[in-house]
Structure formats: structure tokens, C-alpha cells
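Note sheet for the following structure.
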Amino acid sequence: MSASRDQRKGGCCGCIFSLGLSAVLMWLWIHTSDPRCSIQTLSLPSLNGASNITADPTLSLTLRLVNPNQIKGIQYDPLNVTVYDFPNKSNVIGNILMPGFYQGYRKKASKLGQGTANIAVALRAVSDNGTGVFRVDMATAVKFKTLLRYSKRHRIRVGADVVVNASGVKVDPKGIRLRSMAPKMGSSWVVLGALVNFLVFTLLDF
Ligand SMILES: *[C@@H]1O[C@H](CO)[C@@H](O)[C@H](O)[C@H]1NC(C)=O
Ligand SMILES: *[C@@H]1O[C@H](CO)[C@@H](O)[C@H](O)[C@H]1NC(C)=O
Ligand SMILES: *[C@@H]1O[C@H](CO)[C@@H](O)[C@H](O)[C@H]1NC(C)=O
Ligand SMILES: *[C@@H]1O[C@H](CO)[C@@H](O)[C@H](O)[C@H]1NC(C)=O
Ligand SMILES: *[C@@H]1O[C@H](CO)[C@@H](O)[C@H](O)[C@H]1NC(C)=O
């Protein structure tokens, strides 16, 4: 009789272990993080008032995109980057559209994009010594891929303020993280909570 009790206990431990393992796998399956996005480089035409206004109006920037997910690939729609004056965002200085692409899990990518700047707007946005602050926004939509299945399309809107010097070059050599303007939803935490509840109630049933 006591042997069968021990057996039952052993079975129980195995159950708890496999439940725990399933919970971890389910967590990895359900939990999705948005890609992390930052601006590595940004260059505008020279914004020094003394420089030639008919200078090359090329606007170029490098976006760095990181997929932080463990088992999910990301399919990006075209990435729409808009550079505005600051802080009003009332005038568009330039727009860059980068093609969409697929990014495997835990992969990093750097994408260089170019557009044409409206120099008149840019010049109005800088101070006398030619330095200026610009608002850079990026809008796209992504689908997360798990094995063979894609999730629904999920919109992403992020942005950051970028300081450029009189040569129209981003001053900070480090990447600037683009952050979401919408309040973050704790949906994954709700799911984790539900999983923990499920586990606790299943164990109480023993
Ligand atoms: C401005 O650039 C144009 C064409 O690049 C050139 O013809 C003109 O001489 C330049 N003006 C000044 C003041 O540098
Ligand atoms: C890119 O974003 C800007 C600003 O939101 C918008 O005006 C423009 O239409 C967008 N372009 C595309 C191709 O979606
Ligand atoms: C921002 O907008 C306000 C009102 O719309 C305007 O008075 C102000 O000059 C603008 N500032 C810049 C830097 O464009
Ligand atoms: C340029 O001017 C701005 C504001 O007028 C000031 O904050 C900044 O320190 C100046 N930068 C340089 C390099 O002089
Ligand atoms: C602006 O920054 C770039 C890169 O750091 C540098 O090469 C350039 O000389 C700077 N221009 C001015 C006017 O400070």
C-alpha cells in the first residue's frame, strides 16, 4: 500500500515537471516582443546657413532592427520613416520608404535608406549656428511567424528625437532607440498570469 503511494508521488513529480516544461514552451510560443528599432546614422544636407542652398538634398539614415524573439521570425511591411521639424512635427523634412523583409529569430539587421529633404523646411528648423533637433518617426506593420503560421498584422509606430550638428550629421555616435508613443499593453503578462493560475489549480486538484 505504501509502495503504491510512493509510485503515485513519483508520478505526481513527473506531472509537475512536464506541466512546468509545457508552461515554459507555451510561454515562448505565446510571448511576442516587438522588434527593437534604433537609428544608427542620420545625415541631412549641410544645414549651415552659410552653405550653398542648392547643395545635394539627400537625406539618408541607417535603421537597426533587432528581433528579440526566441522562436519567432518577423515579416516586416515596408518601413515608412518620416523626419519632421521639432518639437511641433508640423512640417515634414523628408520621407524614406524602405522595402519590407523577413527577419529570422534573434537576428539583427541594418538598413540604409535614402530620400530627398526639403531644405527650406530643414533650414527653418535649425538654430543660427546650424545645429538642430529633428523628430524621426517610423511606421510599419509586422507579422510574427511561428513554424508555418503567421500571426495577424500588428502595427508599429515608434519615434525619437535626434540632434544633428551644423554638417547635418547626427551628433550621438551611439544608436538612438525609437520608442513607441502608445502606452505599452501588458498582454503577455496577462497570459503568464493565466498560465500560473492554470498550473496552481491543476496542482490543487491532485
Ligand atoms: C552653389 O552651387 C552651385 C551648383 O553646385 C554653384 O554653381 C554655385 O557657384 C554655388 N554657390 C556658392 C555661393 O557656392
Ligand atoms: C508614411 O508616413 C507619412 C506620415 O505618417 C504619411 O504621410 C505617408 O503617406 C506614409 N507613406 C506610406 C507609403 O505609407
Ligand atoms: C509650433 O507651433 C506653434 C503653434 O502652432 C507656433 O507658434 C510655433 O512657432 C511652432 N514652433 C516651431 C518651432 O515651428
Ligand atoms: C547652437 O545653438 C544652440 C541654441 O541656440 C545651442 O544650444 C548649442 O549649444 C549651439 N551649439 C554650438 C556648437 O554652438
Ligand atoms: C558633425 O559631426 C560629424 C560626425 O561626428 C563630423 O564629422 C563633422 O565634422 C561635424 N560637423 C560640425 C560642423 O561640427
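One-based numbering, in listed order, for ligands and for the atoms of each.
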Worksheet item: Can Y76 and F101 be said to form a ring-ring contact (aromatic ring centres under 6.0 Å, His included), step by step?
Response: CA-CA 5 Å; Y76 294 84; F101 68 102; 4.6 Å; yes
Fill in: In one Ile/Leu/Val/Met/Phe/Trp/Tyr side-chain cluster, 4.5 Å: Y84, L44
no
Worksheet item: So which heavy atom in the protein is nearest atom 13 (C) of ligand 5, and how far is it from that ligand atom?
Response: S167 OG, 3.3 Å
Practice prompt. Please confirm whether K170 comes within less than 3.5 Å of ligand 5 when only nitrogen or oxygen atoms on both sides are compared.
Written response: no
Discussion item. Under 4.0 Å from a heavy atom of T82: which atoms of ligand 2 are those, numbered in the order shown and with their elements?
Written reply: 2 (O), 3 (C), 4 (C)
Response to the item:
Filtering D172, N165, V169 for the heavy atom nearest atom 2 (O) of ligand 5 leaves N165
Item to complete: Output yes when a side-chain donor or acceptor of N67 lies under 3.5 Å from a complementary backbone atom of K72, and no otherwise.
Response: yes
Worksheet item: So which heavy atom in the protein is nearest atom 9 (O) of ligand 2, and how far is it from that ligand atom?
Response: N80 ND2, 4.7 Å
Worksheet item: Counting only non-hydrogen atoms of the protein, does one fall under 4.0 Å from atom 7 (O) of ligand 2?
Response: no
Discussion item. So does L65 get a backbone contact from the side chain of Q103, meaning a donor-acceptor N/O pair under 3.5 Å?
Written reply: yes
Worksheet item: So D85 and R124, side-chain contact (heavy atoms from CB on, under 4.5 Å) or not? Walk me through it.
Response: CA-CA 8 Å; D85 55 356; R124 257 185 276 129; 6.0 Å; no
Worksheet item: Are the side chain of K108 and the backbone of R64 linked by a donor-acceptor contact shorter than 3.5 Å?
Response: no
Fill in: Protein residue, atom and distance nearest to atom 4 (C) of ligand 2, heavy-atom basis
Y84 OH, 3.6 Å
